[in-house]
Amino acid sequence: VTAVPELFLTAVKLSHENTGAKYLHVAREDSNNLFSVQFRTTPLDSTGVPHILEHTVLCGSQKYPCRDPFFKMLNRSLSTFMNAFTASDYTLYPFSTQNPKDFQNLLSVYLDAAFFPCLRQLDFWQEGWRLEHENPTDPQTPLVFKGIVFNEMKGAFTDNERLFSQHLQNKLLPDHTYAVISGGDPLSIPDLTWEQLKQFHATHYHPSNARFFTYGNFPLEQHLKQIHEEALTKFHRIEPNTAIPVQDLWDKPREHHMKCGSDSFAADPTKQTTISVSFLLTDITDTFETFTLNLLSSLLVGGPNSPFYKALLEANLGTDFSPDVGFNGCTREAYFSVGLQGIAEKDIETVKQITARTIDEVIEKGFEEERIEALLHKIEIQMKHQSTSFGLALSSYIASCWNHEGDPVELLKIADKVTQFRQHLKENPTFLQEKVKQYFKDNPHRLILSMSPDESYYEKQAKLEAEKLKHKVNALSEEEKKQTYEKGLELIALQSKPQDTSCLPALKVSDIEPTIPFTELEMALAADEIPVQYCAQPTNGMVYFRAVSSLNTLPEELKPYVPLFCSVITNPHFEEEEHFRVLVKMTAQELSNGIPDSGHLYASVRASKTLTPAGELQEMFNGMDQVKLIKRIAEMSDIKPVLRKLPRIKKYLLNSDNMRCSVNATPQQMSQASKEVENFLKGIARSKKERKSVRPHVIEEPTFKPCQMKTHFLLPFPVNYVGECIRTVPYTAPDYASLRILARLMTAKFLHREIREKGGAYGGGATLSHSGIFTFYSYRDPNSISTFSTFEKAAEWAQSGEFAPQDIEEAKLAVFAAVDAPVAPSDKGMNHFLNGISDEMKQRHREQLFAVSSDHLIDVANKYLAGGKSTRGLAVLGPENPHIAKDPSWVKR
């Protein structure tokens, strides 16, 4: 038992006598309790077996044999988090909740899924891979590969950063499990058999290979009793043999070159090469050395004052650091990587030379003391900051080190590490320079990895997939082809069959608190007339200040540049042209790299652009319009005209007439904080004119008329991202609660089945925004036009009212889980400050949610979602589409 006062927690480390299972409990006064179980999973091929297993164990277990208990529990619980992750060398199953009964329910489902899953063959086919007719009901259509993980990984590797990072690890640690792709390589996934999947489970998902973690203020004894009775008593100790050997060190550096797809958003198409130099460091179970190297890495690459930022980014050779820059501590031995993306192939040598030269300079000069102090100060502030998902953050923070028999409690003692670090530096001022020499200069285990685009990369991938498919299909006898067709029909029948979920535990809506506690807010005027909201909270002595500045007075032509202005205002040197150019290129590169991960968000933002006045700004600031604008600026030979706009924006935005502020702090700090706010506001310009007495938060636009628009963004991806948005009613309207529950109900009972299970997309569903935009979306979807008809069918399904009272009850639980999600002390009162939603409004909304009935749901489906009733927008991001190409009502971008 170890107390860690700086994090306000006590750690208890245990092990299970009979099976050798390891256990860590972190007791902390936090109501958001977390459980996770972690297995060391060390595959030796790229079939994606740990990833497909992670999906398949969640498809039903001995005690809970219904299909997909995991997704079903999302609607039967008030969980604040539920998921599962496959890393390179472990698989983690975490959940969190604030309700003790819910904790026991979820724990029971998680334990049964992990230790006693059904692993049915049809589930393996649905989640992993299968051969199936393009149209499963027509045996004349060609056989193709389908499967959720198969499509997910195909989508994942359209992300060039992901591809680069994957290769980097495979090549730097080539001797064991790190040489393979644990998530699965789309070309190797079809080599995995159902037998191999079951075998992998038997050897890896065993208490002797497990680490249990619990966190929060629920009593430990109850957890131990339940885990022991429901899982551990049914096992005996085995020798798991999953340990990863230390990598043999190289005696000389290695180089490797790889290809990727070209980036249609590259600012300069001739500069799409990425290069990095990576060094193998120390064993991550050496916690102090790891802490030191992590800090050293931040000094080397963190922020505009770091040596590599100055040497590489300001050399104007590339657009941004290479992927995975800095310290990576997720493998048994950590590594450090630095390089550039967006360079010309001819500059590879230059980057290598600059890297070597920078290392030499650091060894010679060391680091400024104030940069080291600033970093240590930042670590100390992060320890004080309370997030609502602290338990989840801890479980990921300790996962890798604990996975390799490191001591997780040592990792939590951050204050000790800081003290020890200061001591080392005091005794030996060149302490850090010696580390740089040891790990970078004199280290032959170094990989130089470069990646450049190949115009026909995606065609070649598709060709390889086609060959793999041909090989698989040719190997089938006539009898097996017939069976394949029948299994396809069987899977569809299974997916469409109503399921009996009565075996699963559930909370009831009656378990939910009918009222919310109100947050006390104090409103005051500072500097004569600027509204400030004060909220006293237990913030561990931290003060949180926010100011919101209205854009109402800003001229139209300057608005698109606001996001750039926001990046510049927090970085002091960026008024200088060179610094600004670096920032623009980095931003363009980051936005482009982010599209494969957030395609559905870009599609949804676009689809809602013409539906509300705010929609247009949303697209301008966060949509594809912003991506394209930044790309244009990055391509400019003369960037000065853009730079000149920023001081003009500043004049409007950093003007106290347009501002309102908020402060969250402890009661003792309030009077001091209000003095500081006063000083801050007095130091900011204001208009000379008499101040307008009213400042509306809500701007009425009498001239605004919503209109329909359909957009197709052509992108070189093998999958689509689809969005459809419908204008309904805002938060305070009586129908809003019914629409919110309907969105949840449609997702759980219709869209998940049709889009993910049958359609093979990685995800899909419906959501409702504060402003009343009802959105249908799909993610990494092999279909596009047929997905719009699925959205239409979802509306018809809702109008027909084919849902049971239990379905509505579950949808309410899921919505309340979101409504009652924990809020950190630093964020209390923010809904009121940012969105004008008061506690009274929330309480009224709450009562409306409780009251929603089947009739209400059918009524809002007819009123808003039926064809022709409301204005809607459609958008698709994805490959060439013959259907859309022929249809003149679509705008093609």
Side-chain angles (χ1 to χ4, degrees), residues 519-537 539 542-572 574-575 612-614 616-618 620-622 626 644-666 669-701 731 770-771 823-839 841:
T519 301
E520 279 194 37
L521 300 174
E522 212 178 298
M523 301 305 295
L525 291 175
D528 304 335
E529 46 209 355
I530 293 154
V532 184
Q533 168 183 300
Y534 291 99
C535 180
Q537 289 290 329
T539 58
M542 301 270 287
V543 176
Y544 296 89
F545 168 79
R546 295 172 176 90
V548 166
S549 184
S550 156
L551 304 180
N552 299 336
T553 58
L554 187 68
E556 264 329 290
E557 42 111 16
L558 292 176
K559 282 183 181 168
Y561 300 93
V562 168
L564 257 186
F565 172 77
C566 296
S567 317
V568 168
I569 190 174
T570 50
N571 284 315
F574 284 113
E575 300 83 82
T612 63
E616 206 146 331
L617 285 175
Q618 196 55 344
M620 186 189 285
F621 295 159
N622 307 318
Q626 183 68 22
R644 282 199 290 271
K645 294 182 196 295
L646 302 183
R648 291 176 56 206
I649 296 178
K650 179 175 168 181
K651 199 174 84 206
Y652 291 98
L653 294 196
L654 292 187
N655 176 331
S656 55
D657 291 350
N658 291 336
M659 278 193 180
R660 47 196 178 87
C661 309
S662 86
V663 174
N664 285 27
T666 61
Q669 291 170 299
M670 279 306 181
S671 71
Q672 181 59 36
S674 65
K675 288 192 190 95
E676 292 295 338
V677 171
E678 193 76 28
N679 294 339
F680 169 73
L681 291 169
K682 282 183 179 148
I684 280 183
R686 37 191 316 189
S687 309
K688 301 283 177 284
K689 293 192 281 301
E690 261 313 287
R691 181 168 189 131
K692 325 219 180 4
S693 58
V694 289
R695 43 165 82 201
H697 290 330
V698 179
I699 309 298
E700 292 297 333
E701 288 214 21
Y731 185 82
H770 274 320
S771 56
V823 177
S826 55
D827 293 329
K828 285 270 184 5
M830 275 307 110
N831 236 336
H832 179 254
F833 177 65
L834 296 172
N835 307 315
I837 295 176
S838 66
D839 284 347
M841 289 176 193

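Start at 1 with the first residue, then count along the sequence. Side chains are part of it too, since the values below use all heavy atoms of this structure and drop only hydrogens, waters and symmetry mates.
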Nearest-0.5 Å distance, [atom1] of residue [X] to [atom2] of residue [Y]:
X    : Y    : atom1 : atom2 : answer
S549 : L653 : OG    : CG    : 4.5 Å
M659 : I530 : CE    : CD1   : 8.0 Å
T553 : N655 : OG1   : CG    : 7.0 Å

Which atom of [X] lies closest to which atom of [Y], heavy atoms considered:
X    : Y    : result
Q669 : V543 : NE2-CG2, 3.6 Å
E520 : C535 : O-SG, 4.0 Å
M841 : I837 : SD-CA, 3.7 Å
N664 : P825 : ND2-O, 3.0 Å
C566 : I569 : O-CG2, 3.2 Å

Any chance you could lay out the side chain to side chain contact (heavy atoms under 4.5 Å, CB included) test for R546 and D827, step after step, and finish with the verdict? CA-CA 10 Å; R546 295 172 176 90; D827 293 329; 2.8 Å; yes
For S662 and H832, what are the C-alpha separation, side-chain angles and deciding distance, and is it a side chain to side chain contact (heavy atoms under 4.5 Å, CB included)? CA-CA 10 Å; S662 86; H832 179 254; over 6 Å; no
For [X], side chain to side chain contact (heavy atoms under 4.5 Å, CB included) partners two or more places apart:
X    : result
N622 : Q618
S826 : H385, Y544, A824
F545 : A547, C661, V663, V677, F680
K645 : E557, L558, Y561

Residues two or more places apart in sequence or in another chain: which of them pass side-chain hydrogen bond (donor to acceptor under 3.5 Å, both in side chains) with [X]?
X    : result
K682 : none
Q537 : none
E676 : Q672
S771 : S769

Heavy atoms, side chains only, cut-off 4.5 Å: are [X] and [Y] in contact?
X    : Y    : value
T519 : V823 : no
N831 : Y731 : no
E522 : M670 : no

Evaluate side chain to side chain contact (heavy atoms under 4.5 Å, CB included) for E529 paired with D657, printing each intermediate quantity in order. CA-CA 9 Å; E529 46 209 355; D657 291 350; 5.8 Å; no
Okay, side chain of R660, backbone of F833: is any donor-acceptor separation there less than 3.5 Å? yes
Under 3.5 Å, is there a donor-acceptor pair between the side chain of N658 and the main chain of N552?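 No; zero donor-acceptor contacts below 3.5 Å.
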Residue list, salt bridge (charged side-chain N to carboxylate O under 4.0 Å, His left out) with K559, at least two apart or on another chain: E556
Should L554 and V562 be marked as a side chain to side chain contact (heavy atoms under 4.5 Å, CB included) after you check the CA-CA gap, both sets of side-chain angles, and the distance that decides it? CA-CA 10 Å; L554 187 68; V562 168; 3.5 Å; yes
